[in-house]
Amino acid sequence: MRVRADMPPGHVRTPAYLRGKCGWVERTLGPFPNPEALAYGLQAQALPLMRMRFSMTEVWGAAAANPNDTIDAEIYSHWLEPAEAPHAP
């Protein structure tokens, strides 16, 4: 899966350094209210929260100090797209 490369204004929970990066679903954590709506006092739809795993090479490229290590992040499903989907770098 790839994290959407969007940079919307306002409160978002998805780290900018992971946008546009490909990883895999380590596990699904369950549905939780969307914090991007809750931050503005709006009614929040419950969305699946995924624990995503990324290789350090995918995230940091040649600058990765330990390329065989991984990093995990919890990302809501509406931020994910198939890795094969066209995207803007």
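Nothing here was measured: the structure is a model prediction, and the numbers come from that model. For this chain, numbers begin at 1 and follow the sequence in order. Excluded from the calculations below are hydrogen atoms, water molecules and symmetry mates; all remaining heavy atoms, backbone and side chain alike, are included.
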Within-4.5 Å side-chain heavy-atom neighbours: Asp72 and Met52: no
Salt bridge (charged side-chain N to carboxylate O under 4.0 Å, His left out) between Arg51 and Glu74, intermediate numbers included: CA-CA 4 Å; Arg51 167 113 3 111; Glu74 294 174 359; 2.5 Å; yes
Under 3.5 Å: donor-acceptor pair, side chain of Arg13, backbone of Tyr76: no
Tyr17 ring center within less than 6.0 Å of Trp60 ring center: yes
Ile75 side chain near Val3 side chain, heavy-atom distance below 4.5 Å: yes
Heavy-atom side-chain proximity of Asn66 to Met56 below 4.5 angstrom: no
Derivation of the salt bridge (charged side-chain N to carboxylate O under 4.0 Å, His left out) call for Glu81 and Arg2: CA-CA 5 Å; Glu81 62 188 10; Arg2 181 181 19 252; 3.1 Å; yes
Test item: Arg19 side-chain N/O and Asp6 main-chain N/O as donor-acceptor pair under 3.5 Å: yes
In one Ile/Leu/Val/Met/Phe/Trp/Tyr side-chain cluster, 4.5 Å: Val12, Leu80: yes
Non-hydrogen side-chain atoms of Trp24 and Thr70 separated by less than 4.5 Å: yes
Check: Phe54 and Leu18 side chains under 4.5 Å, non-hydrogen atoms: yes
Donor-acceptor contact below 3.5 Å, side chain Asn34 vs main chain Glu36: yes
Linked, directly or transitively: Ile71 and Val25 (ILVMFWY side chains, under 4.5 Å): yes
Closest contact, heavy atoms only, Met7 versus Ala16: CE-CB, 4.0 Å
Minimum side-chain heavy-atom gap Arg27-Met50 below 4.5 Å: no
Closest non-hydrogen atom pair between Pro33 and Leu38, with its separation: CB-CD1, 3.7 Å
